[in-house]
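Not measured: the values here are computed from a predicted model.
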Amino acid sequence: MSLQLEMKNVNLKTGDQLKIKGILLHDAERFQIDLGSDEDNLALHFNPRFHDDCDGAVLVCNSRSDGCWGDEQRDTHNPLHRGAELKIVLKLSGDMFAVELPDGNEVQFPNRVKMGVFDYFRVIGDIKLTSIKISQ
């Protein structure tokens, strides 16, 4: 069963970190972590896919403004594995997002929409969450 967690009025700011832990389902196809002001305005859409038609296992980042998607940033270095424990740290540094992966590598994605406060957080997909922690 696919997870759907949505949080509003979270008030994350530049300098904050969001730590997400969980377990990927054994038959996981994808999951996503979204951060923005609402579902139509996302500064960060982080979307690991395990069976993408073009690239196989790939990490996709994007932004969404007024319901319109930007250009995808695709990274074929995907250290995430089905059935494995997961720990991801989202670092909010103002003009850039850094997504720290379990293997210590980082995916960087620009804050294209220049958002400074993030009131909307969502996790959807083939993952079982075990904890979410916000720190400064």
Side-chain angles (χ1 to χ4, degrees):
M1 182 175 193
S2 184
L3 170 82
Q4 294 186 37
L5 172 74
E6 183 179 61
M7 296 169 41
K8 299 177 180 179
N9 301 316
V10 292
N11 198 29
L12 294 167
K13 298 180 185 77
T14 297
D16 288 345
Q17 290 187 6
L18 189 58
K19 297 178 184 179
I20 300 160
K21 291 183 182 179
I23 300 170
L24 293 170
L25 301 183
H26 289 282
D27 58 350
E29 289 295 318
R30 62 173 57 201
F31 73 95
Q32 68 190 57
I33 301 169
D34 296 325
L35 196 59
S37 59
D38 57 50
E39 65 183 292
D40 287 327
N41 294 286
L42 302 174
L44 176 65
H45 168 75
F46 177 72
N47 182 213
R49 301 174 187 171
F50 299 97
H51 186 68
D52 183 77
D53 291 339
C54 296
D55 297 317
V58 62
L59 302 175
V60 176
C61 292
N62 206 342
S63 59
R64 189 172 189 184
S65 183
D66 293 326
C68 297
W69 290 106
D71 293 329
E72 288 185 344
Q73 174 181 301
R74 300 170 71 88
D75 188 344
T76 56
H77 171 77
N78 183 350
L80 309 178
H81 301 285
R82 294 172 170 158
E85 289 187 17
L86 171 75
K87 179 184 174 188
I88 291 176
V89 180
L90 300 179
K91 301 172 185 175
L92 317 178
S93 62
D95 61 343
M96 185 72 63
F97 298 97
V99 182
E100 184 180 313
L101 303 170
D103 67 353
N105 285 315
E106 282 188 352
V107 173
Q108 294 193 343
F109 185 74
N111 184 351
R112 296 174 179 166
V113 296
K114 309 297 183 212
M115 205 175 285
V117 176
F118 310 94
D119 287 326
Y120 182 79
F121 169 68
R122 176 173 63 184
V123 180
I124 299 174
D126 301 328
I127 183 174
K128 178 183 176 187
L129 287 180
T130 56
S131 75
I132 298 171
K133 181 179 179 182
I134 299 169
S135 60
Q136 295 182 2

**OP:** Evaluate the side-chain contact (heavy atoms from CB on, under 4.5 Å) criterion for residues Lys8 and Arg122: first the C-alpha distance (whole Å), next the side-chain angles of each, then the deciding distance (0.1 Å), finally the verdict.
**Re:** CA-CA 9 Å; Lys8 299 177 180 179; Arg122 176 173 63 184; over 6 Å; no
Subject >> Test log, rule side-chain contact (heavy atoms from CB on, under 4.5 Å), inputs Leu24 and His81 >> reply: CA-CA 7 Å; Leu24 293 170; His81 301 285; 5.8 Å; no
**OP:** Dump the intermediate steps for side-chain contact (heavy atoms from CB on, under 4.5 Å) on Leu12 and Val117, then the final yes or no.
**Re:** CA-CA 6 Å; Leu12 294 167; Val117 176; over 6 Å; no
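Around NE2 of His51, the count of heavy atoms belonging to other residues, nucleotides or ligands within 6.0 Å does not exceed 12.
By the 4.5 Å side-chain criterion applied to Ile, Leu, Val, Met, Phe, Trp and Tyr, Trp69 is assigned to a cluster that also includes Leu42, Tyr120. In the hydrophobic clustering, Val60 connects to Val58, either directly or through intervening members, whenever side-chain heavy atoms lie under 4.5 Å apart.
Considering only residues two or more places apart in sequence or on other chains, Asp75 meets the salt bridge (charged side-chain N to carboxylate O under 4.0 Å, His left out) condition with none of them. Residues satisfying the side-chain contact (heavy atoms from CB on, under 4.5 Å) criterion with Ser131, sequence neighbours excluded, are Lys21. The side-chain contact (heavy atoms from CB on, under 4.5 Å) test applied to Asp27 returns Leu25, not counting sequence neighbours. Remark: Thr14 engages no residue in a side-chain contact (heavy atoms from CB on, under 4.5 Å) (not counting sequence neighbours). With sequence neighbours excluded, the residues forming a ring pair (Phe, Tyr, Trp, His ring centres under 6.0 Å) with Phe118 are Phe97, listed by chain and number. Every salt bridge (charged side-chain N to carboxylate O under 4.0 Å, His left out) that Glu72 has, sequence neighbours left out, goes to Arg49, Arg74. For Leu129, the side-chain contact (heavy atoms from CB on, under 4.5 Å) partners at least two apart in sequence or on another chain are Leu3, Leu5, Ile20, Val123, Ile127, Ile132.
Looking at heavy atoms from C-beta onward, Val99 lies in side-chain contact with Leu101 at the 4.5 angstrom threshold. No side-chain heavy atom of Arg112 sits under 4.5 Å from any side-chain heavy atom of Ser65. Asn105 is not listed as a side-chain neighbour of Pro79, based on a closest heavy-atom distance of 4.5 Å or more. Residues Leu35 and Met115 are not in side-chain contact: their nearest non-hydrogen atoms beyond the backbone lie 4.5 Å or more apart.
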Residues 86-95 side chain polar contacts: donor-acceptor under 3.5 Å, at least two apart:
| from | atom 1 | to | atom 2 | distance (Å) |
| --- | --- | --- | --- | --- |
| Lys91 | NZ | Glu100 | OE1 | 3.0 |
| Lys91 | NZ | Glu106 | OE2 | 2.8 |
| Ser93 | OG | Met96 | O | 2.6 |

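Screening residues 56-67 for salt bridge (Lys or Arg N to Asp or Glu O under 4.0 Å), with sequence neighbours left out, gives Asp40-Arg64. Among residue pairs with one or both ends in residues 8-32, none qualify as ring-ring contact (aromatic ring centres under 6.0 Å, His included); sequence neighbours excluded.
The closest donor-acceptor contact from the side chain of Asn41 to the backbone of Asp38 lies at 3.5 Å or more, if one exists at all. Not one N or O on the side chain of Asn62 forms a donor-acceptor pair closer than 3.5 Å with the backbone of His45.
Note: the hydrophobic cluster containing Leu44 also contains Ile134 (ILVMFWY, side chain heavy atoms under 4.5 Å, direct or indirect links). In the hydrophobic clustering of this structure, Leu18 does not group with Ile124; members are Ile, Leu, Val, Met, Phe, Trp, Tyr whose side-chain heavy atoms approach within less than 4.5 Å, directly or through other members. No path of Ile, Leu, Val, Met, Phe, Trp and Tyr side chains, each step under 4.5 Å between heavy atoms, connects Ile23 with Ile33, placing them in separate hydrophobic clusters.
Here Phe46 contributes atom CZ and Gln32 contributes atom CD; the two are 11.5 Å apart, rounded to the nearest 0.5 Å.
Closest approach of Ser63 and Phe109 over heavy atoms only: N-CZ, 3.8 Å. Taking each heavy atom of Ala43 and Asn111 in turn, the nearest pair found is CB-OD1, 3.9 Å.
Ion pairing between Lys128 and Glu85 fails under the 4.0 Å rule for side-chain N and carboxylate O.
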